[in-house]
Amino acid sequence: ERTYKAGTRGMEIDIGQTKDGFLVLMHDDELERTTTGEGVVSDHTWTEISQLKLETYSTTTDFHPPRLEDALAWAVKNGALLELDKKKSAPFDPIIAAVRAAKAENNVFIITYTDDQAIEVHGKAPDLVITATVRDSAHLDELLGKGVKADRLVAWTGTETPDSDLWRALASRNVESAFGTLGPRSSSLDGKCWEDDDGSEYTSLVASGLPVLVTDLTDRVSRQLVRERQNAAKCGF
């Protein structure tokens with residue numbers, strides 16, 4: 001919610017599944033790094049996890065791990081977009097069911113990490129938007145030939161080298177692209193772009209045809225792309 005109010009309308013959330021089948025927002029498979037708990041998420045019940053407090057570095061907050069259904073309800077209410085990143089403990093089927101129950105089909109897209117996962121999700125839910133790695137136009141042809149839907153696909157194009165030629169080629173086939181500047185501060189494009197306190201590189205990425213920019217520095221990038229966000233708002237986002 002804080003990120004949303006700062007100007008970013010799309011956020012990635014990570015989903016684990018508890019021992020008794022509840023879907024919770026949790027980045028790690030283990031609890032130690034981000035909560036006051038210990039052990040593996042899938043070894044604990046929802047009742048146990050709901051009583052934990054979230055931690056950020058060395059600070060214990062007053063917040064508790066939320067359930068996916070609550071995050072989806074919030075996204076629908078506020079018109080936010082959630083990118084769903086499933087962890088090892090969470091199968092696709094209950095995640096898709098939760099999206100259906102919340103009527104959040106227009107508020108989510110589901111991350112897939114392999115061609116097989118992309119094919120699996122579109123086999124189960126061909127109306128939902130997914131992200132899948134697309135290396136080039138030939139790779140896109142392979143995915144489409146195996147059942148992935150072009151109009152329900154955001155092409156993930158990596159975090160290392162921006163490729164405006166690929167973005168334009170995919171756009172000509174009605175496939176939007178995503179590119180990430182996130183990663184370790186010492187080596188990521190996020191770190192390099194702000195070494196001189198000038199974020200014009202983000203403006204250049206958007207101008208070169210990038211529809212979806214993924215960053216760890218949402219506040220700074222939101223301020224940098226204020227005009228682009230205003231244009232997006234005219235389209236209802």
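S222 has its side chain within reach of R229: a pair of non-hydrogen atoms, C-beta onward, lies under 4.5 Å apart. Taking 4.5 Å as the limit, every side-chain heavy atom of R67 sits out of range of all side-chain heavy atoms of I15. Counting heavy atoms from C-beta on, the side chains of V154 and V129 come closer than 4.5 Å. Here the side chains of D93 and K124 are in contact, with some heavy-atom distance below 4.5 Å. The closest side-chain heavy-atom distance from E201 to K192 is not below 4.5 Å. At least one side-chain heavy atom of E105 sits less than 4.5 Å from a side-chain heavy atom of D127. You'll find the side chain of T60 reaches within 4.5 Å of the side chain of T36, heavy atoms only. Taking the side chain as every heavy atom from C-beta outward, L81 and V108 never approach each other to under 4.5 Å.
Rounding to the nearest 0.5 Å gives a distance of 5.0 Å between OG1 of T61 and CG of L54. Atom OG1 of T45 and atom CD1 of I49 lie 7.0 Å apart (nearest 0.5 Å). A distance of 8.0 Å separates CH2 of W194 from CG of L217, quoted to the nearest 0.5 Å. Of the inter-residue distances, the one linking I96 atom CD1 with K86 atom NZ reads 10.5 Å to the nearest 0.5 angstrom. For the atom pair K5 NZ and D219 CG, the distance stands at 13.5 Å (nearest 0.5 Å). Once rounded to the nearest 0.5 Å, the distance linking CG of L225 with OG1 of T215 reads 9.5 Å.
Scanning both residues, L23 and P94, for their nearest heavy atoms gives CD1-O, 3.5 Å. Minimum heavy-atom separation, A125 to R100: CB-NH2, 3.6 Å. Smallest separation of non-hydrogen atoms from D216 and G183: OD2-N, 3.3 Å. Residues S42 and S89 share a closest heavy-atom pair of CB-CB, 3.9 Å. Closest approach of A118 and I130 over heavy atoms only: CB-CD1, 3.7 Å. Heavy-atom minimum distance, V41 versus Q17: CG1-O, 3.9 Å.
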Apply side-chain contact (heavy atoms from CB on, under 4.5 Å) to Q230 and V226, showing your working.
-> CA-CA 6 Å; Q230 289 170 346; V226 61; 3.8 Å; yes
Evaluate the criterion side-chain contact (heavy atoms from CB on, under 4.5 Å) for residue pair L84 and I111; output intermediate values, then yes/no.
-> CA-CA 6 Å; L84 309 183; I111 295 176; over 6 Å; no
S177/T157 under side-chain hydrogen bond (donor to acceptor under 3.5 Å, both in side chains): CA gap, chis, key distance, verdict | CA-CA 7 Å; S177 298; T157 63; 5.5 Å; no
Going through the checks in order, is the side-chain contact (heavy atoms from CB on, under 4.5 Å) test met by L166 and L170?
-> CA-CA 6 Å; L166 176 58; L170 294 176; 3.8 Å; yes
Could you walk me through whether K53 and F63 pass side-chain contact (heavy atoms from CB on, under 4.5 Å), step by step?
-> CA-CA 6 Å; K53 289 187 175 182; F63 296 103; over 6 Å; no
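Cluster membership for V175 and I119, using ILVMFWY side-chain heavy atoms within less than 4.5 angstrom, is shared. Both L68 and V121 are part of a single hydrophobic cluster, where members link through side-chain heavy atoms under 4.5 Å apart. At a threshold of 4.5 Å between side-chain heavy atoms, the hydrophobic network of Ile, Leu, Val, Met, Phe, Trp and Tyr places L140 and I110 in one connected group. A continuous path of hydrophobic side-chain contacts links L72 to M11 [ILVMFWY only; heavy atoms under 4.5 Å]. Both L128 and L82 are members of a single hydrophobic cluster when ILVMFWY side chains are connected at heavy-atom separations under 4.5 Å.
Using modelled atom types and a 3.5 Å distance limit, the side chains of S188 and D190 yield no donor-acceptor pair.
Between the side chain of Q117 and the main chain of Y113, a donor-acceptor pair closer than 3.5 Å is present. The backbone N or O of N78 sits less than 3.5 Å from a side-chain atom of Y4, completing a donor-acceptor pair. Judged by distance alone, with hydrogens and angles left aside, the side-chain atoms of T35 form no donor-acceptor pair with the main-chain N or O of E32 at under 3.5 Å. A donor-acceptor contact shorter than 3.5 Å is absent between the side chain of Q51 and the backbone of E48. Judged purely by atom type and a 3.5 angstrom limit, D20 uses its side chain to pair as donor or acceptor with the backbone of W46. Here the side chain of T181 pairs no donor or acceptor atom with the backbone of L189 at under 3.5 angstrom. Remark: the backbone N or O of I13 is not paired with any side-chain donor or acceptor of D85 at under 3.5 angstrom. At least one donor-acceptor pair closer than 3.5 Å links the side chain of S204 to the backbone N or O of S200. No donor-acceptor pair closer than 3.5 Å links the side chain of T218 to the backbone N or O of T8. For the pair N107 (side chain) and A75 (backbone), a donor-acceptor distance under 3.5 Å is present.
Within 6.0 Å of the CG atom in N106, the count of heavy atoms belonging to other residues, nucleotides or ligands does not exceed 12. In E176, the CD atom is not crowded: 12 or fewer heavy atoms of neighbouring residues, nucleotides or ligands sit closer than 6.0 Å.
With salt bridges taken as basic N to acidic carboxylate O contacts below 4.0 Å, one links R173 and D141. Using a 4.0 Å cut-off between charged nitrogen and carboxylate oxygen, D29 and K87 do not count as a salt-bridge pair. Under 4.0 Å is where a charged nitrogen must lie from a carboxylate oxygen, and between K19 and D43 no such pair does.
With respect to T203, the side-chain hydrogen bond (donor to acceptor under 3.5 Å, both in side chains) criterion is satisfied by exactly one of R227, Q224, E228: Q224.
Pairs engaging residues 122-169 under the ring-ring contact (aromatic ring centres under 6.0 Å, His included) rule: W167-F179 [sequence neighbours left out].
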